[in-house]
Amino acid sequence: GRMTRHFTVIGIESFEDSTMTRIFTSIADWHFGKGFEPVFNRLGKLMVAATMEVYKWAMEHFLPTPTKSHYVFNLRDFSRVINGILLVPNTHMTESDKLIRLW
């Protein structure tokens with residue numbers, strides 16, 4: 001009644017894979033364009049594609065159940081992986097193998 005009029009429910013459809021890839025690839029390209037070796041631009045695209053595969057696999061196979069209700073994956077989890085990798089400055093990331101291991 002009286003209290004519910006103060007709240008609004010907003011629903012957003014899930015993004016398509018191409019949209020998520022475009023968003024996070026643009027962010028990775030921007031980051032790896034700031035003083036990194038050129039090989040990191042290619043690895044950034046591969047990192048986003050690999051993260052997308054793991055994300056989709058986890059969404060399909062780790063379904064929430066009453067005993068495992070914490071198995072809920074969303075865009076926040078995907079972005080945390082990408083943002084965590086982007087925290088490394090170019091002075092500490094000189095070898096491409098380090099990026100792969102960090103991922």
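Using a 4.5 Å heavy-atom cutoff, the side chains of T8 and I10 are in contact. For the pair D17/K56, a side-chain contact is recorded, criterion being any heavy-atom separation below 4.5 Å from C-beta on. Taking 4.5 Å as the limit, some side-chain heavy atom of K45 sits within range of a side-chain heavy atom of D29. Taking 4.5 Å as the limit, some side-chain heavy atom of F24 sits within range of a side-chain heavy atom of L75.
A side-chain contact (heavy atoms from CB on, under 4.5 Å) with V48 is found for exactly one of I85, L43, I82, namely I82.
Linking ILVMFWY residues whenever their side-chain heavy atoms come closer than 4.5 Å, directly or via other members, leaves V54 and L63 in distinct clusters. Each of W30 and V39 belongs to its own hydrophobic cluster when Ile, Leu, Val, Met, Phe, Trp and Tyr are linked at side-chain heavy-atom distances under 4.5 angstrom.
Taken from CD in E60 to OH in Y55, the straight-line distance is 13.0 Å, to the nearest 0.5 Å. Here the CE atom belonging to M47 is positioned 9.0 Å from the CG atom belonging to L102, to the nearest 0.5 angstrom.
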Donor-acceptor contacts under 3.5 Å from residues 88-98 side chains, at least two apart:
unit_1, atom_1, unit_2, atom_2, d
N90, ND2, K34, O, 3.3
N90, ND2, G35, O, 3.2

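Ring geometry, F40 versus F32: the interplanar angle falls under 30°, so the pair is classed parallel (tilted spans 30 to 60°). A parallel orientation is assigned to the rings of W57 and H61, their planes being inclined by less than 30° (bins at 30° and 60°).
A search for side chain to side chain donor-acceptor pair (under 3.5 Å) contacts involving D77 returns nothing, not counting sequence neighbours. Residues forming a side chain to side chain donor-acceptor pair (under 3.5 Å) with W103 (at least two apart in sequence, or on another chain): T51.
Side-chain N or O atoms of S79 include one that pairs as donor or acceptor with a backbone N or O of R76 at under 3.5 Å.
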